[in-house]
Amino acid sequence: MRAVAVLLLLVGCAGESMPAPDVVARMDGREIAHAEFEAYLRENSVESAASLDSQVLSSLLDQFLDEELLRRLAVEREAAPEEAGRREALLMLIEGSATQGVSEEEVLRHYRAHEEEYRRPERVRLRQILVVEVEDRDRVLAELEAGTPFEEVARRHSSDSGAVVGGWQGELARGDLPVAFAEAIFRLQPGEVSEVVEVDHGFHLFQVTERYPESLISLEEARAEIEEGLRRRKEADDQRRLVGEARERYNVTVFS
């Protein structure tokens, strides 16, 4: 199915010749064949336009034509050579037209405005033993009561995937755990083992090895993430601005 017509910009089309049947759009007199759009879809892991509904197809056609507009703008401004691909030309154009880099003031302002996003909840480092049968549960409890280290018992008896590393589950917050588990786990002090928590699929025992209080990630720890996010936002803003300039500069007609 051919793309549903989407008019990006149409200025005085009167007198224009009708396109060939395989033309999807005309950009300042240059006809863009449907085969170019099909190639673009394949580049973006879409096998065929026929596999898409009309709304998705229209959106992809918009994206394709926007990238072609930007490629043309990049060539005209000598930011990219004529033979450059769309993505390559876009990067060159943005690099040559980009707003200033991310400042320290912008980083600090973002950090202060989004402080809650950088707050770490209370966390524990956790080991687990999971057994299915009552006999295995009793054997595990007996070994723990006899003083066998939790991780050794886990390696020997646990059916959990973490058994090979001594039942290690990682560093977890309350929100990472089912409510019933969280209640049992967050009552424990480092080194303590929980009571048996029985569930449909078996019996769990937990050991907390360390506890960490709620804390705030420092600005220095968050800096790289903030700078990257702000940089990407500026690049997106630059791209939208450049698309707007290209749409105003070039006449584009899309054919059904």
Side-chain angles (χ1 to χ4, degrees), residues 1-102 106 110 114 117 161 224-256:
M1 183 181 71
R2 297 291 300 279
V4 174
V6 180
L7 189 59
L8 297 181
L9 182 65
L10 179 57
V11 179
C13 291
E16 286 190 3
S17 60
M18 291 299 294
D22 65 340
V23 171
V24 70
R26 183 180 288 139
M27 185 177 295
D28 261 14
R30 185 179 87 80
E31 293 187 337
I32 300 175
H34 194 268
E36 288 186 59
F37 181 47
E38 287 280 2
Y40 176 83
L41 293 177
R42 289 193 295 273
E43 289 169 10
N44 288 274
S45 302
V46 179
E47 289 301 319
S48 170
S51 65
L52 304 172
D53 66 38
S54 60
Q55 187 174 358
V56 172
L57 197 59
S58 269
S59 177
L60 286 169
L61 180 57
D62 280 346
Q63 182 176 311
F64 164 71
L65 292 174
D66 281 349
E67 290 185 18
E68 186 60 30
L69 282 166
L70 290 173
R71 192 195 71 80
R72 176 163 183 167
L73 187 64
V75 171
E76 182 178 299
R77 293 184 177 180
E78 299 183 346
E82 179 67 42
E83 63 273 15
R86 296 183 192 88
R87 302 296 168 81
E88 180 186 6
L90 171 59
L91 291 174
M92 292 178 174
L93 182 61
I94 287 178
E95 185 176 325
S97 308
T99 53
Q100 294 182 355
V102 177
E106 288 175 307
H110 178 92
H114 300 84
E117 296 178 15
S161 59
E225 177 186 336
I226 294 172
E227 288 179 346
E228 178 65 16
L230 292 176
R231 190 175 297 112
R232 287 182 179 276
R233 188 181 304 169
K234 286 191 174 188
E235 288 177 357
D237 290 343
D238 285 334
Q239 183 171 337
R240 281 191 291 270
R241 172 176 56 80
L242 290 166
V243 166
E245 291 177 16
R247 286 179 178 179
E248 289 180 2
R249 188 168 185 81
Y250 308 117
N251 297 335
V252 177
T253 309
V254 179
F255 302 105
S256 59

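Nothing here was measured: the structure is a model prediction, and the numbers come from that model. Heavy atoms only: backbone and side chains are in, while hydrogens, waters and symmetry mates are out.
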Within the structure provided, determine whether Arg77 and Glu245 are in side-chain contact (heavy-atom separation under 4.5 Å).
yes
Side chain to side chain donor-acceptor pair (under 3.5 Å) partners of Glu43, counting only residues at least two apart
none
Checking Glu82 now: which residues fulfil salt bridge (charged side-chain N to carboxylate O under 4.0 Å, His left out) with it, not counting sequence neighbours?
Arg71
Say you draw a straight line from CZ of Arg86 to CG of Leu69; how long is it, rounded to the nearest 0.5 Å?
11.0 Å
Salt-bridge test for Arg232 and Glu228: reply yes if a basic N is under 4.0 Å from a carboxylate O, no otherwise.
yes
Does Glu76 have any side chain to side chain donor-acceptor pair (under 3.5 Å) partners at least two apart in sequence or in another chain, and if so, which?
Arg249, Tyr250
With sequence neighbours excluded, tell me which residues meet side-chain contact (heavy atoms from CB on, under 4.5 Å) with Arg30.
Ile32, Glu36, Glu68
Spell out, as yes or no, whether a donor-acceptor pair under 3.5 Å connects the side chain of Asp22 to the backbone of Ala33.
no
The salt bridge (charged side-chain N to carboxylate O under 4.0 Å, His left out) partners of Glu117 (sequence neighbours excluded) come to none
Are the side chain of Asn44 and the backbone N or O of Val46 linked by a donor-acceptor pair below 3.5 Å?
no
Tell me the closest heavy-atom pair linking Leu65 and Ala25, and the distance in Å.
CD2-CB, 4.0 Å
With side chains defined as the heavy atoms from C-beta onward, is the minimum distance between Met27 and Asn251 less than 4.5 Å?
no
Starting from the C-alpha separation in whole Å, work towards a yes-or-no answer on side-chain contact (heavy atoms from CB on, under 4.5 Å) for Phe37 and Leu60.
CA-CA 9 Å; Phe37 181 47; Leu60 286 169; 4.3 Å; yes
Hey, could you give me the CG/CD distance between Leu41 and Gln63, rounded to the nearest 0.5 Å?
9.5 Å
Residues in side-chain contact (heavy atoms from CB on, under 4.5 Å) with Arg233, at least two apart?
His110, Leu230, Asp237
Counterpart residues, side-chain contact (heavy atoms from CB on, under 4.5 Å), relative to Glu88 (two or more places apart)
Ala84, Met92
Taking the side chain as every heavy atom from C-beta outward, state whether Phe255 and Val24 have any atom pair closer than 4.5 Å.
no
Those residues that, when tested against Leu70, pass side-chain contact (heavy atoms from CB on, under 4.5 Å) (two or more places apart):
Leu90, Leu93, Gln239, Leu242, Val243
Once ring pair (Phe, Tyr, Trp, His ring centres under 6.0 Å) is applied, do any residues pair with Tyr40, and if so which ones, sequence neighbours excluded?
Phe64
